[in-house]
Amino acid sequence: MLRVGATIQSAKVRFNRAVRRLLPMRWRRVGKCGPISMILFLRKAYAFPEEEIRRAAESGWGLSFSSLETSVRRIAKTDDGFSIQAGLHVLSVCNYSKPYEEKPEEDLDWLPQPSQQRAWADHTACCWINYWTAATDLELAHCVLAKVVVRLLNENCTGVFIPSEDSLIPAEEAAEDLQRMGSYRFSGLIPD
């Protein structure tokens, strides 16, 4: 019976991946199934410190961030990581010392490129960057996330997984792809 349940779950995952590939991103909306995320896949566990998160946000948006509760641009410590408020956009950064799936090396058939398969199989930890603002389109959410995520890339990163797209960008391609994504429609969206 457990085998049948696992087979049904696997079929659901494949079906959802197929639908997401067919439905244009601009038609999808944020907030229907939780936050939109970009997940840094890491070779070994690493908890990004507040200063690194602050530098990534400030560099990404070219603005300074505060720790003051009254600021519209602030970074705050939370129970499981950090919160970034950039005007109306709210993100969270959560470090996770385990891989995205229990045994990623056993789930490679959905990834077409060897570089994607290596990135998926080689990670042992994750850093989730979530976009929590509701009623915004998916392209804008990805743009806001990419501005920070691209600046957190380092040699410990195997790739960036975007669950809403069921897409894995290998580390060697991530900087260019995220910079392109982060440049889309972003000018003037965060108040000075």
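Residue numbers start at 1 and run along the sequence shown.
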Enquirer: Do the ring centers of Phe161 and Trp128 come within less than 6.0 Å of each other?
Expert: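 Aromatic pair excluded; centres sit 6.0 Å or further apart.
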Enquirer: To the nearest 0.5 Å, tell me how far Arg55 CZ sits from Arg151 CZ.
Expert: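 One gets 13.0 Å once the value is rounded to the nearest 0.5 Å.
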Enquirer: I'd like to know whether Trp61 forms a side-chain contact (heavy atoms from CB on, under 4.5 Å) with Val148, so could you lay out the CA-CA distance, the side-chain angles of the two residues, the decisive distance to 0.1 Å, and finally the verdict.
Expert: CA-CA 8 Å; Trp61 290 304; Val148 174; 3.4 Å; yes
Enquirer: Measure the shortest side-chain to side-chain distance between Val144 and Tyr131 over non-hydrogen atoms and say whether it is less than 4.5 angstrom.
Expert: yes
Enquirer: Side-chain contact, heavy-atom cut-off 4.5 Å: Leu152 with Phe48?
Expert: yes
Enquirer: Is the CD atom of Glu51 crowded by more than 12 outside heavy atoms at less than 6.0 Å?
Expert: yes
Enquirer: Got a donor-acceptor contact below 3.5 angstrom from the Arg73 side chain to the Glu58 backbone?
Expert: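 Pair absent, no side-chain N/O of Arg73 close to backbone of Glu58.
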Enquirer: Under a plain distance cut-off of 3.5 Å, with no hydrogens placed, do Ser67 and Arg54 share a side-chain donor-acceptor pair?
Expert: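 On atom types as modelled, these side chains qualify, holding a pair under 3.5 Å.
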Enquirer: So, the side chain of Glu165 versus the backbone of Ile162: is there a donor-acceptor pair under 3.5 Å, distance only?
Expert: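 Here the side-chain-to-backbone pair does not exist.
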Enquirer: Just by distance, with hydrogens left out, do Tyr100 and His123 show a side-chain donor and acceptor under 3.5 Å apart?
Expert: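 No pair is found: no donor N or O on one side chain lies under 3.5 Å from an acceptor on the other.
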Enquirer: May I ask you to decide if Arg180's main-chain N or O and Ser183's side chain share a donor-acceptor pair within less than 3.5 Å?
Expert: yes
Enquirer: Any idea which heavy atoms bring Pro104 and Pro99 closest together, and the distance?
Expert: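 Here Pro104 and Pro99 meet closest at CG-CB, 3.9 Å.
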Enquirer: Does Leu111 reach the side chain of Asp109, with side-chain heavy atoms less than 4.5 Å apart?
Expert: no
Enquirer: Taking Gln85 for its side chain and Arg74 for its backbone only, find out whether a donor-acceptor pair lies under 3.5 Å.
Expert: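 Not at all, since once roles are kept as given, no pair shorter than 3.5 Å links the two residues.
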Enquirer: Using 0.5 Å steps for rounding, measure from the CD atom of Gln116 to the OG1 atom of Thr158.
Expert: 11.5 Å
Enquirer: Quick one: OG1 on Thr133 to CG on Leu140, what's the gap to the nearest 0.5 Å?
Expert: 8.5 Å
Enquirer: For the residue pair Leu153 and Leu178, establish whether any side-chain heavy-atom pair is separated by less than 4.5 Å.
Expert: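 Heavy-atom side-chain distance check passes, below 4.5 Å.
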Enquirer: Would you mind reporting whether Arg118 and Glu105 have side-chain heavy atoms less than 4.5 Å apart?
Expert: no
Enquirer: If you count the non-hydrogen atoms of other residues, nucleotides and ligands that lie under 6.0 Å from NZ in Lys98, is the total more than 12?
Expert: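 Counting other residues, nucleotides and ligands, NZ of Lys98 stays at 12 neighbours or fewer.
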Enquirer: Which atom names give the shortest non-hydrogen contact between Cys127 and Asn95, and what distance separates them?
Expert: SG-OD1, 3.5 Å
Enquirer: How long is the span from the NE2 atom in His142 to the CG atom in Asp137, to the nearest 0.5 Å?
Expert: 10.0 Å
Enquirer: Apply ring pair (Phe, Tyr, Trp, His ring centres under 6.0 Å) to residues Trp120 and Phe41 and explain how you reach the verdict.
Expert: CA-CA 8 Å; Trp120 183 266; Phe41 281 179; 5.4 Å; yes
Enquirer: Is Thr124 reaching over with its side chain to a backbone N or O of Arg43, donor-acceptor style, under 3.5 angstrom?
Expert: yes
Enquirer: Using a 3.5 Å distance criterion without hydrogens, assess whether the side chain of Asn156 forms a donor-acceptor pair with backbone atoms of Lys44.
Expert: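 Judged by distance alone, yes, a pair lies under 3.5 Å.
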Enquirer: Could you measure the distance from the SG atom of Cys126 to the OH atom of Tyr46? Nearest 0.5 Å is fine.
Expert: 16.0 Å
Enquirer: Given Cys94, which of Ile129, Asp79, Thr78, Asn130 fulfils the side chain to side chain contact (heavy atoms under 4.5 Å, CB included) condition?
Expert: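 Of all the options given, the one that passes is Asn130.
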Enquirer: Are side-chain heavy atoms of Ser115 and Glu172 found at a separation under 4.5 Å?
Expert: yes
Enquirer: Shortest non-hydrogen contact from Cys157 to Leu40?
Expert: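 Between these two residues, the closest heavy atoms are SG-CD2, 3.6 Å.
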Enquirer: Find the distance between CE (Met38) and OG (Ser167) and round it off to the nearest 0.5 Å.
Expert: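 That separation rounds to 9.0 Å.
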Enquirer: Please examine the side chains of Pro163 and Ile39, heavy atoms only from C-beta on, and report whether any two atoms are closer than 4.5 Å.
Expert: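 Contact flag for Ile39/Pro163 side chains = yes.
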Enquirer: Locate the shortest heavy-atom distance separating Ala119 from Leu168; write the atom from each residue and the value.
Expert: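 Answer, listing the atom of Ala119 first, then Leu168: CB-CD2, 4.0 Å.
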Enquirer: Identify the two heavy atoms, one from Val90 and one from Ser83, that lie closest to each other, and give their separation to 0.1 Å.
Expert: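 That would be CG1-OG, 4.3 Å.
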